[in-house]
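Notes follow once the structure below has been shown.
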Amino acid sequence: QILCDPAKPIRLVTKFRGQILTMNYRIPMVKGEQVLVYGHSVSEPGHLSKLVKIVDKATNKVVKKKPHVLPKNVSAVVEVTLERPIALELYKDIRELGRFTLRRGNDTVAVGIVLKNIEFFRQEQQQQSASE
């Protein structure tokens with residue numbers, strides 16, 4: 001679904017770290033929570049695998065490390081694990097492919113940018129499953 005240079009294809013990501021801005025919702029977000037991850041034109045199920053820290057919106061300084069919950073209207077760094085790989089790039093490299101949205105049901109609970117891609121889908125796995 002993404003047009004790219006065949007010599008340098010976009011890598012598929014199964015786990016990434018992102019900085020999010022949580023929206024105004026009633027139930028706080030917790031580690032392990034199931035979310036729908038929307039990246040550009042793709043939506044895939046995933047879960048919050050790690051709540052890294054809450055940061056100040058203005059200064060980006062750490063407010064709390066390893067929080068248990070993410071209340072509404074905060075900025076936080078989280079790790080998201082996806083059920084299936086999607087094409088995501090670092091926000092600093094390609095802004096258009098470095099943005100994502102987290103949804104719970106019909107509600108948008110957070111928007112964010114990709115800081116680090118942690119686990120990549122291996123192209124060999126994709127080719128083997130296609131040949132079987």
Side-chain angles (χ1 to χ4, degrees):
Q1 293 183 359
I2 295 178
L3 203 57
C4 62
D5 183 355
K8 189 178 176 188
I10 294 175
R11 297 176 72 186
L12 300 175
V13 178
T14 55
K15 185 175 184 179
F16 66 93
R17 180 175 285 192
Q19 182 164 351
I20 62 171
L21 179 62
T22 61
M23 300 296 179
N24 191 11
Y25 48 77
R26 290 180 289 144
I27 303 170
M29 297 174 71
V30 295
K31 178 181 172 183
E33 181 169 346
Q34 299 293 317
V35 292
L36 277 175
V37 179
Y38 286 81
H40 42 92
S41 64
V42 178
S43 68
E44 285 298 328
H47 67 275
L48 297 176
S49 50
K50 187 175 185 181
L51 306 180
V52 180
K53 59 187 171 183
I54 296 176
V55 295
D56 184 89
K57 291 181 200 178
T59 63
N60 218 26
K61 291 185 179 178
V62 177
V63 174
K64 184 174 184 179
K65 290 184 179 181
K66 297 183 182 179
H68 295 290
V69 298
L70 296 179
K72 62 184 176 182
N73 301 320
V74 298
S75 181
V77 176
V78 298
E79 288 182 7
V80 179
T81 302
L82 303 164
E83 288 184 15
R84 292 186 300 185
I86 64 173
L88 286 176
E89 290 287 338
L90 301 181
Y91 180 78
K92 67 178 182 144
D93 295 339
I94 303 175
R95 289 183 172 196
E96 294 80 8
L97 297 176
R99 294 184 177 109
F100 63 94
T101 303
L102 300 179
R103 292 181 60 97
R104 185 185 333 168
N106 292 331
D107 300 325
T108 299
V109 292
V111 294
I113 59 173
V114 178
L115 299 176
K116 178 181 180 183
N117 289 327
I118 298 173
E119 290 180 11
F120 294 96
F121 181 72
R122 299 179 70 172
Q123 295 296 339
E124 301 86 45
Q125 293 173 345
Q126 186 178 16
Q127 292 170 352
Q128 285 176 356
S129 57
S131 65
E132 292 175 355

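Residues in residues 84-94 take part in these salt bridge (charged side-chain N to carboxylate O under 4.0 Å, His left out) pairs, two or more places apart or across chains: E44-R84. The salt bridge (charged side-chain N to carboxylate O under 4.0 Å, His left out) contacts involving residues 20-33 comprise E33-R104, where partners must be two or more places apart or lie in separate chains. For residues 62-73, there are no salt bridge (charged side-chain N to carboxylate O under 4.0 Å, His left out) pairs, not counting sequence neighbours.
Between V13 and V114, every side-chain heavy-atom pair lies at or beyond the 4.5 Å cut-off.
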Please table the atom pairs, donor to acceptor, closer than 3.5 Å between any side-chain atom in residues 94-102 and protein atoms at least two apart or in another chain.
none

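Annotation: K116, atom NZ; neighbour count of heavy atoms from other residues, nucleotides and ligands within 6.0 Å does not exceed 12. Applying the 6.0 Å contact sphere to CG of L21 captures more than 12 heavy atoms from other residues, nucleotides or ligands.
With sequence neighbours excluded, the residues forming a side-chain contact (heavy atoms from CB on, under 4.5 Å) with D56 are A58, T59, V63, listed by chain and number. Under the rule for a side-chain contact (heavy atoms from CB on, under 4.5 Å), the partners of N106 that lie at least two apart in sequence or sit in another chain are R103. For D5, there are no side chain to side chain donor-acceptor pair (under 3.5 Å) partners, not counting sequence neighbours. T81 pairs by the side-chain contact (heavy atoms from CB on, under 4.5 Å) definition with K15, H47, S49, not counting sequence neighbours. For the side-chain contact (heavy atoms from CB on, under 4.5 Å) test, residues two or more places apart in sequence or in another chain that qualify with V52 are R17, K50, V77, E79. In terms of the salt bridge (Lys or Arg N to Asp or Glu O under 4.0 Å) criterion, E83 has no residue partners (sequence neighbours excluded).
Under the 4.5 angstrom side-chain criterion for Ile, Leu, Val, Met, Phe, Trp and Tyr, the cluster partners of V69 are V30. As a member of the Ile/Leu/Val/Met/Phe/Trp/Tyr network built from side-chain separations under 4.5 Å, L36 groups with Y38.
Taking both residues in full, the closest heavy atoms of F121 and T14 are given as CB-CG2, 4.2 Å, listed atom of the first, atom of the second, then distance.
For the pair T22 (side chain) and P71 (backbone), a donor-acceptor distance under 3.5 Å is present.
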